[in-house]
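Step one of this worksheet: look at the structure below.
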Protein chains: 2
Amino acid sequence: MENNNKQKILNAAIILFQDKGYYGTGLNEILRKSDCPKGSLYYYFPNGKEQLALESIEMTKNFVDGMIRRNLEKIDDPAESMKTFVREMAENVYVDNDDLSSFQSNRKISINLIALETSKTNDNIRKACEGAYSTFEKAYFDKLVENGFDDDKAKEVSKTIESLIEGAILMSTVKKDDTYILNVADIIYDLIKKSS
Amino acid sequence: MENNNKQKILNAAIILFQDKGYYGTGLNEILRKSDCPKGSLYYYFPNGKEQLALESIEMTKNFVDGMIRRNLEKIDDPAESMKTFVREMAENVYVDNDDLSSFQSNRKISINLIALETSKTNDNIRKACEGAYSTFEKAYFDKLVENGFDDDKAKEVSKTIESLIEGAILMSTVKKDDTYILNVADIIYDLIKKSS
DNA sequence: GTCTATAGTACGATAGAC
DNA sequence: GTCTATCGTACTATAGAC
């Protein structure tokens with residue numbers, strides 16, 4: 001497999017950047033976790049650590065976007081589907097899985113740490129994070145428009161939903177308490193019902 | 001002044017940890033910004049970088065707690081006072097002030113970055129951040145109880161308020177867009193009105 | 001293409017002069 | 001108490017063998 005090493009490095013980087021951050025994670029640590037030599041890293045990522053971060057964010061963005069859309073289409077009513085989707089997130093908050101393969105199924109995925117780290121120090125990475133957040137908002141936006149919301153209202157509500165979710169992930173991560181996510185699920189339900 | 005250097009180091013550390021993070025900020029950078037020699041740092045903070053972070057968080061906690069309480073007591077109605085307070089936060093989101101003295105007046109203050117960085121790597125610092133968030137929640141809790149909320153409802157609502165505010169700060173920081181904060185001000189208003 | 005050895009720099013921390 | 005010089009380590013990145 002030609003790019004097996006590339007994927008192994010990416011998988012390790014995604015987990016480490018998420019848990020320990022961009023500046024808290026060393027390239028040596030990524031290589032140790034992925035069991036690849038340093039030569040592979042600079043062969044597949046000639047622009048080094050920054051490129052590795054950019055591709056990690058891109059992959060995370062696509063993965064989460066798919067996950068959101070798959071969940072939201074399970075239930076027609078937008079308020080119900082959002083509430084159910086957010087509540088299921090709470091079940092995965094405590095999953096502290098280091099296994100490289102399982103992060104695709106039930107691992108909590110978040111770019112909040114690397115986004116904050118680079119908001120004032122690396123505008124390329126910051127913009128990539130901004131794009132990811134906008135992609136998630138677009139998934140909520142599409143669900144709302146499909147259900148009769150006009151564009152302006154859907155835009156406002158989807159931005160608010162994204163903000164509520166990321167705040168709840170932040171708090172539940174730091175305080176190790178999933179009630180923040182459960183509370184926000186209800187807030188989002190009410191917000192959509194009230195706006196429709 | 002005996003501990004003038006200590007305060008200068010703390011002020012520089014608070015700003016740098018906030019903007020560049022715990023792992024993204026070097027002690028040499030803190031000393032350069034504070035114009036102090038390395039000897040001072042280890043004299044006042046014998047436990048090094050971790051102690052510096054713990055005292056930075058403690059000082060931030062007390063400063064923000066006072067700011068919240070001073071703002072909330074300006075208006076009696078809890079929903080109105082929270083909404084006004086949060087809306088005023090939006091005005092300071094873009095302030096990118098490096099001046100060491102002015103951060104006490106109008107600088108945006110947040111521990112979100114260091115909290116996420118240490119949530120899986122340093123439990124001492126993580127616990128200090130957890131305590132700071134709980135202190136802010138207590139300020140919201142007290143305002144609600146003063147206005148007739150029972151303890152259980154006030155606890156739930158104050159936790160949700162804290163989560164909403166931190167999420168909005170996160171999003172507005174990364175996307176450089178203060179509408180997230182303005183939207184959340186309205187959500188909090190509705191939440192308090194609906195719960196009272 | 002794949003990998004190792006290493007350069008060059010910045011890090012956190014300390015020893016010891018004054 | 002205050003400060004400087006420096007230690008040992010880890011970092012990102014590169015050069016060059018195979």
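Naming convention: chains lettered A, B, ... in sequence-line order (proteins, then strands); numbering from 1 in each chain.
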Determine whether A:Lys175 and B:Glu137 satisfy the following criterion, salt bridge (charged side-chain N to carboxylate O under 4.0 Å, His left out), listing intermediate values before the conclusion. CA-CA 12 Å; A:Lys175 297 189 86 174; B:Glu137 284 173 18; 3.3 Å; yes
Does a nitrogen or oxygen in the side chain of B:Tyr44 sit under 4.0 Å from OP1 or OP2 of D:dG1?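 Answer no for this pair, as no side-chain N or O of B:Tyr44 is under 4.0 Å from OP1 or OP2.
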Does OP1 or OP2 of D:dG1 have a side-chain N or O of B:Asn5 closer than 4.0 Å?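 B:Asn5 to D:dG1 OP1/OP2: no side-chain N or O under 4.0 Å.
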I'd like to check the ring-ring contact (aromatic ring centres under 6.0 Å, His included) partners of B:Tyr140; sequence neighbours left out, ordered by chain and number.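 For B:Tyr140, no residue satisfies ring-ring contact (aromatic ring centres under 6.0 Å, His included) once neighbours in sequence are set aside.
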Taking ring-ring contact (aromatic ring centres under 6.0 Å, His included) as the definition, give me every residue that meets it alongside B:Tyr22, ordered by chain and number, with sequence neighbours left out.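 Scan of B:Tyr22 (ring-ring contact (aromatic ring centres under 6.0 Å, His included), adjacent residues dropped) gives B:Phe17.
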Which residue pairs satisfy the salt bridge (charged side-chain N to carboxylate O under 4.0 Å, His left out) criterion with at least one member in residues 53-64 of chain B, sequence neighbours excluded?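 Qualifying pairs, neighbours excluded: B:Lys6-B:Glu55, B:Glu58-B:Lys61.
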Rounded distance in Å - [atom1] ([X]) to [atom2] ([N]):
X: A:Leu31; N: D:dA13; atom1: CG; atom2: P; answer: 12 Å
X: B:Lys6; N: D:dC3; atom1: NZ; atom2: P; answer: 16 Å
X: A:Asn4; N: C:dT2; atom1: CG; atom2: C1'; answer: 14 Å
X: B:Tyr43; N: D:dG1; atom1: OH; atom2: P; answer: 4 Å
X: B:Asp35; N: D:dC3; atom1: CG; atom2: C1'; answer: 13 Å

Residues sharing B:Val145's hydrophobic cluster, by side-chain heavy-atom contacts under 4.5 Å among ILVMFWY, directly or via others?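 B:Phe141, which link up through side-chain heavy atoms under 4.5 Å apart, make up the rest of the cluster.
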Nucleic acid footprint by protein, nucleotides 4-18 of chain C - heavy-atom cut-off 4.0 Å, B for base, S for sugar-phosphate alone: BB-----SBBB----
Counterpart residues, side-chain contact (heavy atoms from CB on, under 4.5 Å), relative to A:Ala79 (two or more places apart):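 Listed in chain order: A:Asp77, A:Tyr189, A:Ile192, A:Lys193.
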